[in-house]
Amino acid sequence: MHIIVCIKQVPDSAQIRVHPVTNTIMRQGVPTIINPYDLFALEAALALRDKLGGEVTVLTMGPPSAEDSLRKALTFGADRAVLLTDRFFAGADTLATTYALATAIRKINDVYGAADIVFTGKQTIDGDTAQVGPGIAKRLGLLQLTYVSKVGSLDLTARTIDVERRSEGGVQVLRTRLPCLVTMLEASNEIRRGTMADALRAARAEVVKWSAQDAGVEDISKCGLRGSPTIVKRVFAPPARAERASMVEFGQEPPADALIKAIFARQPKLEADLAELARGY
Amino acid sequence: MSEVGKTPTPAGRAGTKKELPEHFKAYKHVWVFIEQERGQVHPVSWELMGAGRKLADKLKVDLAAVVIGPNAEVTTQTAAESFRYGADLAYVVADDILSDYRNESYTKALTDVVNTYKPEILLLGATTLGRDLAGSVATTLLTGLTADCTELDVDTDGSLAATRPTFGGSLLCTIYTLNYRPQMATVRPRVMSMPEPVERPVGRIVFHPLGLVEDDIVTKVLSFMPDRDSAKSNLAYADVVVAGGLGLGSPENFQLVRQLAAVLGADYGCSRPLVQKGWAPADRQIGQTGKTIRPKLYIAAGISGAIQHRVGVEGADMIVAINTDKNAPIFDFAHVGIVTDAIRLLPALTEAFRARLSPHSRDRMAS
Ligand SMILES: Cc1cc2nc3c(=O)[nH]c(=O)nc-3n(C[C@H](O)[C@H](O)[C@H](O)COP(=O)(O)OP(=O)(O)OC[C@H]3O[C@@H](n4cnc5c(N)ncnc54)[C@H](O)[C@@H]3O)c2cc1C
């Protein structure tokens with residue numbers, strides 16, 4: 001069995017600071033991590049491989065420094081890593097991103113064997129769109145299973161897979177055929193620690209690096225900024241409300257009483273509403 | 001949707017509006033995909049009808065609902081319901097194959113209707129279903145899709161201006177799909193206000209065939225396990241919400257938020273770091289990547305008011321912020337603020353509300 005896991009290197013959002021004056025993100029010195037949602041995808045892939053045999057290839061598109069995240073994935077036990085890196089890919093929106101990733105996956109299929117499953121996280125913490133998984137599936141004609149909370153049985157002879165998928169108001173149990181694309185929900189598993197042997201192997205392993213041309217991109221105008229139907233026209237700070245919050249001064253009074261008074265003074269009707277709610281409770 | 005932190009496209013490149021290609025000029029009207037599962041319409045669909053109505057009026061075009069579902073009364077009923085929320089017409093694909101949501105069948109249905117009737121704007125709810133479907137449809141149509149918009153407007157030249165927060169910063173960005181149609185966007189539940197349903201003359205229903213048989217669809221639904229009611233948090237639709245942030249300092253102190261919520265008959269929530277730290281479950285997170293709320297009263301304790309949090313609470317009628325830092329950004333959009341230690345204030349507030357709201361418990365406490 002061959003499984004491909006798409007991961008993305010993202011800035012560690014917990015450490016991002018915003019410049020107080022210019023409102024821009026201060027990226028310098030912010031450490032990068034593997035998009036946390038992708039770790040659930042990686043673990044799901046590794047667990048299947050351990051059970052059924054085969055190989056796991058991790059793929060990322062990004063700047064040369066994204067090699068770090070691939071190496072990290074190798075320490076968790078991935079067998080092979082492919083870095084798609086080219087200045088032509090810069091500024092890609094999700095449509096252009098899926099064009100590049102789908103092209104690279106076709107190439108991986110040719111070189112390393114056809115993938116039975118492509119895994120992704122349910123979304124990234126930076127773009128946060130949840131569109132890349134479905135986009136790759138559509139471009140490659142893979143059956144699509146999003147928001148999967150559990151990978152159930154996988155029958156390599158019948159080439160079927162059963163999963164539990166989160167939907168609004170419940171869980172769908174679905175059966176589909178391989179090859180398919182699965183996006184994993186958070187908390188569906190926990191990434192392993194990775195063995196010492198994996199760490200040693202990862203340190204020595206060669207990360208495969210492909211430019212657009214290497215990956216077999218035929219139409220460079222479908223990549224990056226040029227290949228993106230959406231454009232960011234304006235970036236701006238949210239307008240402050242006309243009036244700032246009215247600040248409660250409490251002096252000698254207990255602050256809780258002062259606050260409640262201020263709330264009800266501003267919106268007298270609220271007291272009756274709250275009394276009713278509290279009674280209902 | 002464009003990548004994060006991407007700077008605005010310099011004029012002279014994709015940023016300048018070229019003439020819209022000829023074959024896209026036939027694309028007119030604003031559509032909303034109506035999300036219906038097991039006979040239930042997701043409220044986000046009606047919220048989007050409200051937003052869609054405004055866009056359609058500005059563009060002087062029609063607003064259409066797209067209803068996809070089983071060949072049963074619920075589906076036509078939903079179409080009829082859409083007229084009450086402002087639709088001029090409804091496109092209906094009704095087939096028993098569509099009883100359960102499946103990506104293959106729904107993508108085919110929606111893509112076909114789009115290709116046949118050509119909308120210029122297509123809006124979907126950013127739910128698990130809507131996101132699954134929107135990504136597939138946009139890729140099939142090779143058009144742009146902007147996720148999780150917080151504001152939708154049309155520009156003077158008629159383009160859809162879709163605004164959403166950017167990554168990590170206190171910034172918003174406005175995204176355009178210039179030379180492709182339809183312009184697609186998703187919006188999370190509760191971001192747009194629910195329009196008042198009106199009694200309207202019946203609109204027009206246009207039926208469109210699915211053109212699939214069950215054997216064409218590979219994926220089968222083996223079963224559906226509905227969530228237990230107790231497992232559902234009703235946070236998004238709560239009238240009063242109390243939430244805590246990192247300023248509370250510990251999971252124990254977060255209980256103070258829950259205690260205040262209990263006394264108010266409110267739901268409780270939190271900022272994202274608390275979910276990341278495991279102090280609260282994920283379905284309690286409020287903000288861009290959590291729930292959007294529109295309560296009558298929102299009390300935020302120890303929350304700084306980052307943009308990702310702000311966009312989730314701005315629809316509240318009254319925002320009350322408790323923070324030790326008088327310069328915290330939350331005071332820029334709260335209505336009432338108090339600069340004090342939330343860990344000390346919360347228990348006092350709980351008791352004061354208890355006394356004020358429930359004469360019954362006041363008697364008991366006095367005895
Ligand atoms: C892609 C992305 C998506 C995100 N989505 C969300 C989201 O959906 N929801 C969300 O909330 N965040 C989200 N965030 C995170 C967001 O940017 C902020 O980091 C987060 O909201 C901050 O949480 P906080 O206010 O609890 O913590 P902090 O920013 O650390 O603020 C703590 C506040 O508590 C105050 N304080 C300290 N001690 C006390 C005390 N004793 N009493 C009272 N006040 C005190 C401090 O003055 C400070 O203002 C997202 C970030 C990214 C990058």
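Lettering follows sequence order; numbering is per chain, from 1.
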## Note on the structure
Ranking A/Ala272, A/Ala256, A/Ala245, A/Ser167 by heavy-atom pairs under 4.5 Å to chain B gives rank one to A/Ala245

### Part of B/Thr350 within contact of chain A (heavy atom distance under 4.5 Å)
neither

### Task
Give, as side chain, backbone, both or neither, the part of B/Arg310 having an atom under 4.5 angstrom from any heavy atom of chain A.
side chain

### Message
Contact between A/Asp162 and B/Leu222 at the side-chain level, heavy atoms closer than 4.5 Å - yes or no?
### Response
yes

### Query
Will you find, in the side chains of B/Asp132 and A/Gln144, an N or O donor that is under 3.5 Å from an N or O acceptor?
yes

### Message
Let me confirm one number: the OG1-OH distance from A/Thr230 to B/Tyr176, rounded to the nearest 0.5 Å.
### Response
13.0 Å

#### Entry: Interface moiety of A/Tyr99 toward chain B, non-hydrogen atoms closer than 4.5 Å
neither

### Task
List the atom of A/Tyr147, the atom of B/Thr127, and the distance in Å for their closest heavy-atom pair.
OH-O, 4.4 Å

### Query
Checking B/Asp155 against chain A: side chain, backbone, both or neither under 4.5 Å from a heavy atom?
side chain

### Task
Measure distances from B/Ala138 to the heavy atoms of chain A and classify the residue's part below 4.5 Å as side chain, backbone, both or neither.
backbone

### Task
Check step by step if side-chain contact (heavy atoms from CB on, under 4.5 Å) holds for A/Leu277 and B/Leu264.
CA-CA 7 Å; A/Leu277 259 178; B/Leu264 292 173; over 6 Å; no

#### Entry: Non-hydrogen atoms of B/Ile338 and A/Met247 that approach each other most closely
N-CE, 4.3 Å

### Message
Under 4.5 Å from any heavy atom of chain A, what part of B/Thr340 do you find: side chain, backbone, both or neither?
### Response
side chain

### Task
With a 4.5 angstrom heavy-atom cut-off, could you sort out which part of B/Val339 is near chain A: side chain, backbone, both or neither?
both

### Query
For B/Pro273, is it the side chain, the backbone, both, or neither that has a heavy atom closer than 4.5 Å to a heavy atom of chain A?
neither

### Summary
Separation between CD1 (A/Ile125) and OG1 (B/Thr289), nearest 0.5 Å, reads 9.5 Å

### Message
Taking atom NZ as the centre, does A/Lys150 end up with more than 12 heavy-atom neighbours from other residues, nucleotides or ligands that are less than 6.0 angstrom away?
### Response
no

### Atom CZ of B/Arg38: over 12 foreign heavy atoms under 6.0 Å
yes

### Side chain / backbone / both / neither for A/Leu274 at chain B, heavy atoms under 4.5 Å
both

### Query
Stepwise, does the side-chain contact (heavy atoms from CB on, under 4.5 Å) test hold for B/Lys296 with A/Asp273?
CA-CA 9 Å; B/Lys296 291 179 178 147; A/Asp273 289 347; 3.5 Å; yes

### Exercise: identify the closest heavy-atom pair between B/Phe224 and A/Glu168
CZ-O, 4.3 Å

### Task
Measure B/Val320 against the heavy atoms of chain A and call it side chain, backbone, both or neither at under 4.5 Å.
side chain

#### Entry: Distance (rounded to the nearest 0.5 Å) between B/Thr139 OG1 and A/Lys138 NZ
8.5 Å

### Task
Identify which of B/Pro329, B/Ser223, B/Ala126 forms the greatest number of heavy-atom pairs closer than 4.5 Å to chain A.
B/Ser223

### Query
Is it the backbone or the side chain of B/Glu314 that comes under 4.5 Å from a heavy atom of chain A, or both, or neither?
neither

### Query
Quick check: are there more than 12 heavy atoms from other residues, nucleotides or ligands sitting under 6.0 Å from CD of A/Glu253?
yes

### Summary
Separation between CD (B/Gln276) and CD (A/Glu186), nearest 0.5 Å, reads 11.0 Å

### Query
For A/Arg165 and B/Val221, what are the C-alpha separation, side-chain angles and deciding distance, and is it a side-chain contact (heavy atoms from CB on, under 4.5 Å)?
CA-CA 10 Å; A/Arg165 167 177 191 272; B/Val221 180; over 6 Å; no

### Query
Stepwise, does the side-chain contact (heavy atoms from CB on, under 4.5 Å) test hold for A/Arg139 with B/Leu142?
CA-CA 10 Å; A/Arg139 287 184 182 277; B/Leu142 297 176; 3.8 Å; yes

### Query
If you count heavy-atom pairs under 4.5 Å with chain A, which of B/Thr128, B/Leu349, B/Asp100 comes out on top?
B/Thr128

### Task
Mind ranking B/Asp148, B/Thr140, B/Leu129, B/Leu133 by heavy-atom pairs under 4.5 Å with chain A and telling me who comes out on top?
B/Thr140

### Task
Heavy atoms only, distances under 4.5 angstrom: which of A/Thr183, A/Val248, A/Leu145 has the most pairs with chain B? Name it, please.
A/Val248

### Query
B/Asp317 and A/Gln267: side-chain hydrogen bond (donor to acceptor under 3.5 Å, both in side chains), yes or no, with the steps?
CA-CA 9 Å; B/Asp317 291 342; A/Gln267 237 176 79; 5.8 Å; no

### Query
Does any non-hydrogen side-chain atom of B/Val336 lie less than 4.5 Å from one of A/Leu259?
yes

### Query
When heavy-atom pairs shorter than 4.5 Å are enumerated against chain A, which of B/Val240, B/Val218, B/Thr163 gives the highest number?
B/Val218

### Summary
Of all heavy-atom pairs linking A/Glu271 and B/Leu357, the shortest is O-CD2, 4.1 Å

### Query
Non-hydrogen atoms of chain B under 4.5 Å away: do they reach the side chain of A/Glu164, the backbone, both or neither?
side chain

### Query
If you tally heavy-atom pairs under 4.5 Å against chain A, which of B/Pro226, B/Gly135, B/Ala352, B/Ser136 wins?
B/Ser136

### Summary
Cut-off 4.5 Å, heavy atoms of chain A, and the answer for B/Tyr180 is side chain

### Query
What's the spacing between B/Cys173 SG and A/Lys233 NZ if we round to 0.5 Å?
13.5 Å

### Query
Between atom CG of A/Leu174 and atom OG1 of B/Thr219, what is the distance when rounded to the nearest 0.5 Å?
6.5 Å

### Query
So what's closer than 4.5 Å to chain A heavy atoms on B/Asp332: side chain, backbone, both or neither?
both

### Query
A/Thr160, A/Thr176, A/Asp257: which one forms the most heavy-atom pairs within less than 4.5 Å of chain B?
A/Thr176

### Task
With a 4.5 angstrom heavy-atom cut-off, could you sort out which part of A/Leu270 is near chain B: side chain, backbone, both or neither?
side chain

### Task
Indicate whether any N or O donor in one side chain lies under 3.5 Å from an N or O acceptor in the other, for A/Gln123 and B/Arg131.
yes

### Summary
Nearest heavy-atom contact between A/Gln131 and B/Thr146 is NE2-C, 4.2 Å

### Message
Looking at A/Arg159, I'd like to know if its CZ atom is crowded, meaning that more than 12 non-hydrogen atoms belonging to other residues, nucleotides or ligands lie closer than 6.0 Å.
### Response
yes

### Message
Just checking A/Arg266: does its CZ atom have more than 12 heavy atoms from other residues, nucleotides or ligands closer to it than 6.0 angstrom?
### Response
yes

### Query
Which answer fits B/Ile330, side chain, backbone, both or neither, if we ask what part of it has an atom under 4.5 Å from a heavy atom of chain A?
neither

